[in-house]
Amino acid sequence: MAKPSIPQGTRDFSADVVRKRNYIFSTIKTVFELYGFEPLETPAMENLETLMGKYGEEGDKLMYKILNNGISNPKNIEKSKAGFEKVLEGKSSSDLTERALKYDLTIPFARYVAMNHGRLTFPYRRYQVQPVWRGDNPQKGRYREFTQCDADVVGSYSLINEVELASIYHEVFTKLNLTGYEIKVNSRKILTALAEVVGEENKVVAITTAIDKLDKIGIERVKEELKEKGLTGEQLELIEAYLTMNHEATGTLSNAGKLKFLKTFFEKSATGQAGIKELEFLICHIAADVNISIDVTLARGLNYYTGIIFEAKAPAEVKMGSIGGGGRYDDLTGLFDVPGIPGVGISFGVDRIYDVMTELNLFPENVQNGTRVLFFNMGEAESQFAFGIMQQLRSEGISSELYHEFSKINKQFNYAEKKQIAFAVIIGSKEIEQKYCLVKDLKTGLQEVVVFDTLAAFFKNK
RNA sequence: GUAGUCGUAGCUCAGUUGGUUAGAGCAUCAGAUUGUGAUUCUGAGGGUCGAGGGUUCGAGCCCCUUCGAUUACCCCA
């Protein structure tokens, strides 16, 4: 057996990491609950056909498909071989694989809503915190197993939902002290309108993925890319005009200013006007302290978003990029033959949030609350007695441990220090006789005498 | 999937143009010290140099393959 290891892009989480992650989870969940969302969990795996084709070509490639059981069974072997041939041609075959690990939480949620739409009360607000898997090449802030925290509202066209979801971003990031966050917002309708105005309705995706890179590669290279995709000089000029407000005046144009610009630009486009109305509603209704800005280059989830799209960005100094995203999809369950249920949702990328918070040193100290009190082991009879006292403390909700064996005091202190235990309680024969114990504060080194009866109260007051 | 950088003790890293038995700091363990530690002293353990193959009299060092980490592209949280 080679050295034990774990698959690429996956991680073990030690106690301190789990506690910090839980801190993020509970912050997010608390806010979700506060906004009236209810929890949902779905299986780690879905039927392959539920997921295939929902995330675009790239998604199909990165999805983890699960090999069927029994493919080596002699009676299946011909089928398996035929299936394998199909897979080699780039198709999928249920003879070889019919299940896959979930790739995000949105599509499984849509499947759930489609299956249960008769039973759910609409608008249905649910949140979901679960791991997802993508066979992507790991790098900074990118893992093959990571956790998403989603909140979606389905069964409502109201843009108030968008306002609420943006507020949730703000509230969560504020609670986590991630004050440098930024919410970018755009509308899929505006991107569609741009393609229309340019006269290339069927190239929406090509155009938007190109202009999405504006920040990164600059206007010239965006134009080059668009040229390669077959756009004429005239069309490029139009797109450049559209991008002007981003690339020449980044940050200097207010949301209102951008809306004004868009209104003129899309004067003759009904789709464009509809998109502008969405953004206008959101901008007008959101609280002033929410850091939200219109970004007409923002493109994401082009396979299913239809209205507003969101992206939450980490503070610029950490170079992490997106720590959350979301948007409106007006007919998501239509994919599962249940048309007419609109929805809108957002997602938090906990793993990236964790990395950002670590880099910025934002975790509060009291996140690590393991054992508070260590009872020293001063011998067999003494430890037996201490055990009784310890159980009383535990019943009062004070997390305590008894050192597992009688050994040098020195060792017991070291153990306490390593586990960052706040207090040591020493109960030896003398203390048992006189019905008190010694409590040592391991940070200050100060020591007090406390009678047994008041021990629990003593720690509660600390 | 493509490309670059890296892989030596539990951790952080030295290691000369290829040359005896691969080193340091920290950590660990034992002792000084079985009722008051975390600073001091003494000692000890710990490595198939990521794995496999090749070149060479000789490889931690050079070559190939492979795995992993990391960064960038693509895409994304």
Side-chain angles (χ1 to χ4, degrees), chain A residues 1-11 24 28 55-63 90 103-106 129-150 169 205 208-210 212-213 216-217 221 225 298-303 309-314 319-327 345-356 374 376-380 382 403 405-421 423-432 437-448:
Chain A
M1 186 71 192
K3 275 185 194 165
S5 63
I6 56 175
Q8 191 179 9
T10 65
R11 297 148 299 158
I24 299 174
I28 294 173
Y55 307 102
E57 221 176 288
E58 194 72 14
D60 289 350
K61 263 192 235 164
L62 299 181
M63 197 181 298
Y103 184 84
D104 77 349
L105 301 180
T106 308
V129 177
Q130 288 192 271
V132 301
W133 294 268
R134 295 181 191 180
D136 206 349
N137 221 333
Q139 53 180 274
K140 187 180 182 186
R142 183 176 301 194
Y143 307 96
R144 288 186 168 175
E145 178 183 66
F146 62 97
T147 306
Q148 289 192 325
C149 299
D150 279 29
Y169 269 138
V205 174
T208 49
T209 52
D212 186 42
K213 296 176 196 160
K216 234 180 200 172
I217 63 177
R221 287 181 54 200
E225 195 170 325
L298 178 62
R300 50 176 307 112
L302 296 168
N303 286 288
I309 50 186
F310 294 107
E311 177 160 305
K313 302 198 78 168
K319 292 188 181 132
M320 183 65 78
S322 174
I323 52 174
I346 55 167
S347 179
F348 287 88
V350 176
D351 304 82
R352 285 190 179 177
I353 292 173
Y354 178 93
D355 291 345
V356 170
L374 180 70
F376 275 24
N377 192 320
M378 309 303 291
E380 198 173 327
E382 291 88 341
Y403 195 78
E405 63 188 6
F406 178 45
S407 61
K408 285 205 270 190
I409 283 289
N410 189 329
K411 241 179 144 178
Q412 306 197 32
F413 270 120
N414 282 336
Y415 177 80
E417 196 196 355
K418 262 188 218 147
K419 287 194 67 176
Q420 296 185 44
I421 294 170
F423 297 99
V425 172
I426 299 170
I427 301 176
S429 50
K430 190 172 74 187
E431 286 80 7
I432 293 174
C437 53
L438 295 177
V439 178
K440 184 160 182 170
D441 184 325
L442 294 173
K443 263 198 194 118
T444 63
L446 295 176
Q447 194 164 285
E448 308 184 43

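Just so we're on the same page: letters track the sequence lines, and every chain starts at 1.
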Quantified in whole Å, what is the [atom1] atom distance between nucleotide [N] and nucleotide [M]?
N	M	atom1	result
A51(B)	G68(B)	P	15 Å
G46(B)	A24(B)	C1'	15 Å
U55(B)	G18(B)	C1'	12 Å
U12(B)	C57(B)	P	38 Å
U48(B)	G10(B)	P	7 Å
G31(B)	C13(B)	P	33 Å
G19(B)	C26(B)	C1'	31 Å
G15(B)	G23(B)	P	15 Å

Side-chain ([X]) to main-chain ([Y]) donor-acceptor, under 3.5 angstrom:
X	Y	answer
Asp136(A)	Leu62(A)	no
Thr209(A)	Val205(A)	yes
Arg11(A)	Glu145(A)	yes
Arg134(A)	Tyr103(A)	yes
Tyr169(A)	Ser347(A)	yes

Just call it for [X]: base, sugar-phosphate, or nothing, with non-hydrogen atoms closer than 4.0 Å on any strand.
X	value
Ser347(A)	nothing
Ile426(A)	base
Phe348(A)	nothing
Lys140(A)	sugar-phosphate
Gly324(A)	sugar-phosphate
Thr106(A)	nothing
Phe406(A)	base
Asp136(A)	base
Gln412(A)	nothing
Gly379(A)	nothing
Gly9(A)	sugar-phosphate
Asn137(A)	base
Leu442(A)	base
Glu145(A)	nothing

Less than 4.5 Å apart, any side-chain heavy atom of [X] and any of [Y]?
X	Y	result
Gln412(A)	Asn377(A)	yes
Ile427(A)	Met378(A)	no
Arg300(A)	Ser322(A)	yes

d([atom1], [X]; [atom2], [N]) in whole Å:
X	N	atom1	atom2	answer
Arg144(A)	C75(B)	CZ	P	18 Å
Leu446(A)	U36(B)	CG	P	17 Å
Lys313(A)	C76(B)	NZ	P	14 Å
Trp133(A)	A77(B)	CH2	C1'	15 Å
Lys419(A)	G37(B)	NZ	P	22 Å
Asn377(A)	U36(B)	CG	C1'	15 Å
Asp150(A)	A77(B)	CG	C1'	10 Å
Lys61(A)	C75(B)	NZ	P	11 Å

Problem - Nearest-nucleotide 5' precedence on RNA chain B, Gly445(A) against Glu225(A) - result: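 In this pair, the answer is Gly445(A).
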Practice task
Between Leu438(A) and Gly325(A), just flag the one whose closest nucleotide in RNA chain B comes earlier from the 5' side.
Solution key: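 The residue mapped nearer the 5' terminus is Leu438(A).
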Measuring to OP1 and OP2 of [N], would you say a side-chain N or O of [X] lies under 4.0 angstrom away?
X	N	result
Lys411(A)	A30(B)	yes
Gln139(A)	A72(B)	yes
Lys213(A)	C73(B)	no
Gln8(A)	A69(B)	yes
Arg300(A)	A77(B)	yes
Lys408(A)	G31(B)	yes

Problem - G35(B) base / Glu382(A) side chain donor-acceptor hit below 3.5 Å - result: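 There is none.
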Problem - hbond_proxy Asn410(A) side chain to U34(B) base (donor-acceptor, 3.5 Å cutoff) - result: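 Absent.
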Counting only side-chain heavy atoms from C-beta out, which of [options] sits nearest to [X]?
X	options	value
Asn414(A)	G37(B), G35(B), C74(B)	G37(B)
Lys440(A)	G35(B), U36(B), C74(B)	U36(B)
Arg352(A)	C76(B), G35(B), C75(B)	C76(B)

Handout entry: Stacking check Phe146(A) vs A77(B) (5.5 Å / 30 deg)
Key =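 Aromatic stack with A77(B) present for Phe146(A).
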Could you tell me which nucleotide pairs with [N] by Watson-Crick or G-U wobble geometry, both distances under 3.5 Å, or answer none if nothing does?
N	result
G19(B)	C57(B)
A72(B)	U2(B)
U36(B)	none

Exercise for the section: From the options Glu58(A), Met63(A), Glu57(A), select the one residue that forms a side chain to side chain contact (heavy atoms under 4.5 Å, CB included) with Asp60(A). Expected result: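 Between Asp60(A) and the candidates, side chain to side chain contact (heavy atoms under 4.5 Å, CB included) is satisfied uniquely by Met63(A).
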Exercise for the section: Decide if atom CD of Gln139(A) counts as having more than 12 heavy atoms of other residues, nucleotides or ligands within a radius under 6.0 Å. Expected result: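 Counting other residues, nucleotides and ligands, CD of Gln139(A) exceeds 12 neighbours.
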